[in-house]
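Have a look at the structure below, then the notes.
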Amino acid sequence: QQLTDELEATNQGVVALYAELDEKSAQLRAASESKSRFLANVSHELRAPVTAIIGLARLLGDSASDPLTTEQERQVGLIRSSASDLLTLVNELLDLAKAESGRIEPEWSEVDLRAVFGQLRGTLRALPAADGVELVVEEPATPATVRTDEVLLAQVLRNLLHNALKFTTEGEVRLRAERHGDGWRLTVADTGPGIPPELHDRVFEEFYQAPGPTRVGGTGLGLPYARRLVNLLGGTLDLASEPGRGSTFTVWLPADGT
Ligand code: ADP
């Protein structure tokens, strides 16, 4: 009887503990949602004034009737580039906050990966790449249909390719697709500096930028956002990399979008 009583007491303790955990996790979820909502509102409000600063600085620099001195021109250039960086940060914060607060609804359709790759090949030519770094886009040889959101998928791939081109100083950046399980594996592989294994999780954290000589601009928001989007599309985004051996980011997407 004593054993039964003890068991019963333990049981009740466990039940109470679970209830407490449930409550705590609901509180955490609510706090995280209100953080995302706040971020989305603040970044939205910041966009208009920053855009105005960029426009006005441009006007200042263009005024032909009252030309600026060289020093003033340099200062106006600084205002413009700082405001542009700020706008990039604000836009990325807004995107991430929207994705986190569930305000991005994928528009599902049957998407041919060959078309997405073809478009990316065109738009990425405009990106700055180090001299001699080759961008190779391997379009799938056969029709490769995925049920997904074409715009969000292109955004993810553009983001990964942009990073790869940014960090790679020689060799190549390669985008390819292959069938894998019930879906498609899309890889962006580069011959850049690579990322040590102990940082593989951290690079997906908000604002994290790995230290080192390869630090080149950016906000540290690109990868967390890309992973959010891929998750929204029912897939996963992972990294395989070692210093000196380049990095490979892999997007796995279910063919039927679920
Ligand atoms: P950002 O590129 O704006 O700094 P990201 O979230 O896209 O932010 O990336 C976070 C960090 O991950 C980068 O600052 C960099 O240290 C590392 N990283 C991302 N992609 C690569 C890559 N292809 N090669 C090496 N390091 C990378």
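Remember, it's 1-based here, ligands and their atoms both numbered in the order they're listed. This structure is a prediction, so every number in the text was calculated from the model and none was measured.
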Min heavy-atom dist E92 to ligand 1 below 4.0 Å: no

Under-4.0 Å heavy-atom contact with ligand 1, by part of I195 that carries it: side chain

Ligand 1 versus D190: contacting region, heavy-atom distance under 4.0 Å: side chain

Distance-only polar pair, side chains of Y225 and E206, donor-acceptor under 3.5 Å: no

Which segment of S247 sits under 4.0 Å of ligand 1 when only heavy atoms are counted: side chain

Option passing salt bridge (Lys or Arg N to Asp or Glu O under 4.0 Å) with E139 (candidates R121, R174, R114, R176): R121

Ligand 1 versus F204: contacting region, heavy-atom distance under 4.0 Å: neither

Exceeds 12 heavy-atom contacts within 6.0 angstrom, atom OH of Y208: yes

Where ligand 1 meets G220 - atom numbers and elements under 4.0 angstrom, heavy-atom basis: 1 (P), 3 (O), 4 (O), 6 (O), 8 (O)

Any side-chain donor near an acceptor of the partner, S36 and S101, under 3.5 Å: no

Numbered atoms of ligand 1 (with element) below 4.0 Å of P224, judged on heavy atoms: 6 (O)

Q1 versus D5, side-chain donor and acceptor atoms under 3.5 Å: yes

Any A164 heavy atom less than 4.0 Å to ligand 1: yes

